[in-house]
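Take a look at the structure set out below.
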Amino acid sequence: QKEVEQDPGPLSVPEGAIVSLNCTYSNSAFQYFMWYRQYSRKGPELLMYTYSSGNKEDGRFTAQVDKSSKYISLFIRDSQPSDSATYLCAMSVYTGGFKTIFGAGTRLFVKA
Amino acid sequence: DAGVTQSPTHLIKTRGQQVTLRCSPKSGHDTVSWYQQALGQGPQFIFQYYEEEERQRGNFPDRFSGHQFPNYSSELNVNALLLGDSALYLCASSLEGDSSYEQYFGPGTRLTVT
């Protein structure tokens, strides 16, 4: 079993839709939970990070963490064609330095 | 503010050869991590350098080695290349401390092994 599971999609939605992206994990030692966005042929870009269970909002993006269920989500409101990218969840644990484990990434297509 | 830079952008090597990839961290960062990203997969952690030493290592063979220089830049070396080493190699930098989980990635080096 992988430490982090993420549905690779692809996920296709119309412009303006609410997008829900999810990951599950097995290691209860994970402390920080991140979402990265990766455009084709580019490096990942940090979108949001959270530390505790609960919600964190930044503009059209909301990150949600449920540690009891080992489940994290990213919601994108009013999705735009420019949001079309691969979204990677990532989780970090401190082991004498932060070690980060990534999900496989979900490919999102937002149609105009 | 200079972000993370990597060189070269693309590289084609033959099986059995050796390769060196380079990374300059974001200005002010002192920690460098290397990742391998195969097509359609998430980045896989190779190792992390801090204070010129390898601090952590993922599940990669000894053919993968690295170095960090006093100016915090870093190199990734891969010996005896295999076809399966073809991937996007990503460098990420961070600042040691409470927020060192925040990593900033470079654009990557795309390695093709034929």
Side-chain angles (χ1 to χ4, degrees), chain A residues 2-11 21-25 27 29-52 56 58 63 65 72 74 85-108, chain B residues 3-7 9-10 21 23-26 29-51 53-60 68 87-112:
Chain A
K2 292 183 178 180
E3 282 189 281
V4 178
E5 299 276 2
Q6 183 176 12
D7 186 340
L11 179 63
L21 304 168
N22 312 293
C23 288
T24 59
Y25 62 96
N27 187 352
F30 285 133
Q31 299 163 290
Y32 290 89
F33 305 88
M34 285 79 72
W35 285 96
Y36 284 83
R37 177 174 61 195
Q38 186 173 25
Y39 291 112
S40 181
R41 301 188 174 278
K42 301 287 187 182
E45 169 195 12
L46 180 63
L47 275 178
M48 298 183 71
Y49 65 89
T50 54
Y51 175 69
S52 58
K56 182 176 182 179
D58 184 3
V65 174
I72 72 170
L74 178 70
T86 296
Y87 289 80
L88 298 155
C89 65
M91 304 173 193
S92 289
V93 57
Y94 190 81
T95 56
F98 277 103
K99 181 177 178 179
T100 300
I101 307 297
F102 283 82
T106 299
R107 293 190 68 189
L108 172 66
Chain B
V4 180
T5 59
Q6 293 186 243
S7 62
T9 304
H10 297 89
L21 310 181
C23 170
S24 290
K26 178 180 169 67
H29 284 185
D30 55 8
T31 303
V32 173
S33 301
W34 286 92
Y35 293 82
Q36 179 195 67
Q37 186 176 26
L39 199 61
Q41 300 296 315
Q44 299 292 314
F45 176 73
I46 303 175
F47 43 53
Q48 183 180 81
Y49 277 84
Y50 173 66
E51 293 189 335
E53 290 193 358
E54 182 181 297
R55 179 163 65 176
Q56 297 189 82
R57 190 179 184 92
N59 189 25
F60 279 80
Q68 185 180 34
L88 180 68
Y89 287 85
L90 294 162
C91 168
S93 72
S94 58
L95 177 62
E96 176 65 11
D98 291 345
S99 61
S100 59
Y101 55 87
E102 286 185 60
Q103 296 183 89
Y104 293 83
F105 283 81
T109 293
R110 186 162 299 280
L111 172 65
T112 302

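In what follows, every heavy atom counts, from backbone to side chain, and hydrogens, waters and symmetry copies are set aside. Throughout, protein chains are lettered first and strands after them, A, B, ... in sequence-line order, and every chain is numbered starting at 1.
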Heavy-atom closest pair, residues [X] and [Y]:
X	Y	answer
A:Leu88	B:Gly42	CD2-CA, 4.0 Å
B:Arg57	A:Lys99	O-NZ, 4.4 Å
B:Gln48	A:Phe98	NE2-O, 3.2 Å

Between B:Glu96, B:Glu102, B:Gln44, which residue shows the highest count of heavy-atom pairs closer than 4.5 Å to chain A?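 Max contact count across the listed options: B:Glu102.
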
Do other residues, nucleotides or ligands put more than 12 heavy atoms under 6.0 Å from A:Lys42 NZ?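 No, because the 6.0 Å sphere around NZ of A:Lys42 holds 12 heavy atoms or fewer from other groups.
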
In terms of heavy-atom contacts, does CZ of B:Arg110 have more than 12 from other residues, nucleotides or ligands at under 6.0 Å?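 Atom CZ in B:Arg110 is crowded, with more than 12 foreign heavy atoms closer than 6.0 Å.
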
Contact origin within B:Tyr101 toward chain A - heavy atom pairs under 4.5 Å: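 Both parts, heavy atoms under 4.5 Å.
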
Contact class of B:Gln41 relative to chain A, heavy atoms under 4.5 angstrom: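 The answer is both parts of B:Gln41.
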
Under a 4.5 Å cut-off applied to non-hydrogen side-chain atoms, are A:Pro44 and B:Leu90 in contact?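 Yes, close enough: below the 4.5 Å cut-off.
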
pair B:Gln37-A:Gln38: side-chain heavy atoms closer than 4.5 Å: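 B:Gln37 reaches A:Gln38 side chain to side chain.
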
Once rounded to the nearest 0.5 Å, what's the spacing between atom CZ of A:Phe102 and atom OH of B:Tyr35?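 That separation rounds to 5.0 Å.
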
Just how far is it from atom CD of B:Gln103 to atom OH of A:Tyr36, taken to the nearest 0.5 Å?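 Answer rounded to 0.5 Å: 5.0 Å.
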
Who among A:Cys89, A:Gly97, A:Pro8, A:Gly96 has the most heavy-atom pairs with chain B under 4.5 Å?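 Looking at each of A:Cys89, A:Gly97, A:Pro8, A:Gly96 in turn, A:Gly97 comes out on top.
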
With a 4.5 angstrom heavy-atom cut-off, could you sort out which part of A:Thr95 is near chain B: side chain, backbone, both or neither?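 For A:Thr95, backbone and side chain are both near chain B.
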
